*Asks:* 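Once you've had a glance at the structure underneath, I'll fire off some questions.
What you see is a predicted model; the values in this text were computed from it and never measured. Start at 1 and go down the list; that is how both ligands and their atoms are numbered.
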Amino acid sequence: MISILADVSARLRCASGRALLTLLVCLAAVSLFGVDGARADDQSGSDPVVVEAVRTTGTKELSRFVIDVSQPVDFTIFALDEPYRLVIDLPGMDFEVEHGMGQVERALVKNFRFGSFSGSRSRIVLDLTDPVRIIKAQTFPPVDDIPAKILIELEAVEQDVFVKETMKDVMHVDVDGTIDDKRLAVAAASSAVDEAPPEDPRPLVVIDPGHGGIDRGATSRSGLKESELVLTFAKALKKRLEKDGHVRVAMTREKDVFISLSKRVAIARELKADLFVSIHADTVRQSYVRGATVYTLSDKASDAVAARLARQENRSDLLAGLEIEKDDDVVADILIDLTRRETSNHSALYSRTLVGALKSSIRLSKTPERSAGFKVLKAPDIPSVLVELGYLSNSKDQSALASKAWQEKAVESISKSMRTFFLRRSTQSSGLIAPDAG
Ligand SMILES: [Zn+2]
């Protein structure tokens, strides 16, 4: 849908003392707005770029304005005051977003308007609630089925900073990430909310095949070893995720080596993982217990089976002669802080999403969502789950786990669950309704 910014030309003000370039853009805009462009047809004759979604996320201190586009485009951004505004100039676009969707105030954006003019140019105008500094302005290429994006990150500042810095220049941002403004690069580097590296905005998943080396984990009656089985599974999962392409993947181990539980957590934190998934296939006393279970961290176990399993898993470091680290006090402190709570919410969200996805493809245990004090799930800032694919103490699970067909179904569901999770997570934080990810 197209909305014409009829009111903009009257409201554009080119304050004195601004860079000459701003003046030129303002003048150009005023003259261009006199021409009524009803549709944004690309003059080169190829398909016009489509704006698929626009959203604001964040807080009154730090906000993100995100534009999903059908292909990456160059853009220009500059600021105006009285009232505080940002103007984003784009090539000709078709706006396939709801008319009037920019009217809800969110974070630092009071409202926004969009439209096309002169057939070959488009503009988005953001009315701001407060003066801001632009700390990031970037265009990202599409990745798999995640559309290309324009990201503008804003930080609330005093009025004089807005006038002196934000209004100083017109910034031109190229598709290849070049920003024609050094201030922006410096500000982005000091930004407290840095995202994934700009060259690859996809979330990073760390897969943690349990046990390894001296710690063989559980062993089935027929001699299947948990440490080997989960490594094979984790490699298959990694391959699948790389093929699907919606996340980046790393593993805590790719060989039969021992890695302490705290080291596994440290690896995920060093890599700044967005999700940590530990893979296991343990034994439990009750041989009739079967099916997959997803565990999240809790200082109180959800039931006796979970408590026992966590104790069993946490012994892993003892096997290698490592002392159990006295980190419980620290963890208790962390448990009450905000990060921990948000992480815990996200872990629960992923656990639910994963169980939902696995339900349709493999057998689950009677209570597929459980919690206990697993050391390996204690990263305070990374949503973490431990998946028991099945129990090697159950003969049916044991045959399932050894089967290629079962493995394929399971990795497909896990890949799907991650796609859904990251979509839901971004939707939650933006407060917008995203397309159903299934
Ligand atoms: Zn295990």
Side-chain angles (χ1 to χ4, degrees), residues 206-238 251-265 267-268 276-287 289-298 301-322 324 347 351 354-355 358 362-365 367-379 384-398 400-402 406-407 410-411 414:
V206 169
I207 305 168
D208 172 48
H211 313 279
I214 192 168
D215 171 17
R216 314 300 302 161
T219 308
S220 77
R221 282 204 182 151
S222 65
L224 274 179
K225 287 191 173 54
E226 182 186 4
S227 59
E228 288 169 13
L229 200 137
V230 296
L231 181 59
T232 308
F233 184 88
K235 282 180 178 169
L237 176 58
K238 180 172 185 253
M251 280 166 68
T252 52
R253 69 175 179 102
E254 304 210 36
K255 283 185 259 173
D256 186 18
V257 290
F258 175 82
I259 299 173
S260 74
L261 297 171
S262 55
K263 177 72 185 168
R264 292 168 195 258
V265 177
I267 290 170
F276 178 85
V277 180
S278 192
I279 310 276
H280 289 257
D282 281 275
T283 52
V284 287
R285 276 182 188 164
Q286 305 85 336
S287 63
V289 172
R290 62 172 300 206
T293 310
V294 181
Y295 289 87
T296 48
L297 177 67
S298 150
S302 59
D303 55 273
V305 175
R308 198 183 142 71
L309 197 68
R311 269 202 306 278
Q312 200 170 302
E313 286 305 328
N314 291 348
R315 269 198 335 239
S316 169
D317 289 0
L318 285 178
L319 284 170
L322 297 177
I324 295 282
S347 301
S351 167
L354 177 55
V355 165
L358 288 173
I362 63 166
R363 190 186 174 103
L364 299 180
S365 70
T367 315
E369 278 187 75
R370 298 180 193 227
S371 57
F374 291 94
K375 271 187 81 175
V376 79
L377 302 180
K378 285 185 177 175
S384 304
V385 300
L386 183 147
V387 186
E388 290 287 349
L389 295 170
Y391 295 97
L392 285 179
S393 37
N394 181 280
S395 57
K396 286 187 177 130
D397 270 7
Q398 185 197 303
L401 289 167
W406 180 93
Q407 190 182 80
V411 297
I414 297 176

*Asks:* Do side-chain atoms of Asp208 reach the backbone of Thr252 as a donor and acceptor pair under 3.5 angstrom?
*Replies:*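 It does not hold such a pair.
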
*Asks:* Per the side-chain contact (heavy atoms from CB on, under 4.5 Å) rule, which among Leu389, Val411, Asp397 passes with Trp406?
*Replies:*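 Between Trp406 and the candidates, side-chain contact (heavy atoms from CB on, under 4.5 Å) is satisfied uniquely by Leu389.
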
*Asks:* By atom name, which N, O or S atom belonging to His211 lies closest to the Zn ion (ligand 1)?
*Replies:* NE2

*Asks:* Which of the N/O/S atoms in Glu226 sits closest to the Zn ion (ligand 1)?
*Replies:* OE2

*Asks:* Could you check which N/O/S atom of Asp282 is closest to the Zn ion (ligand 1)?
*Replies:* OD2

*Asks:* For Arg308, check side chain to side chain contact (heavy atoms under 4.5 Å, CB included) against everything at least two apart and list the hits.
*Replies:* Arg285, Arg311, Gln312

*Asks:* By atom name, which N, O or S atom belonging to His280 lies closest to the Zn ion (ligand 1)?
*Replies:*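 That would be atom ND1.
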
*Asks:* Who passes salt bridge (Lys or Arg N to Asp or Glu O under 4.0 Å) against Arg370, sequence neighbours left out?
*Replies:*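 For Arg370, the residues satisfying salt bridge (Lys or Arg N to Asp or Glu O under 4.0 Å) (neighbours in sequence not counted) are Asp303.
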
*Asks:* Please name the atom of Glu313, restricted to N, O or S, that is closest to the Zn ion (ligand 1).
*Replies:*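 Looking only at N, O and S atoms of Glu313, the one nearest the Zn ion (ligand 1) is named OE2.
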
*Asks:* Can a donor-acceptor pair be found between the side chains of Tyr391 and Thr293 at a distance below 3.5 Å?
*Replies:* yes

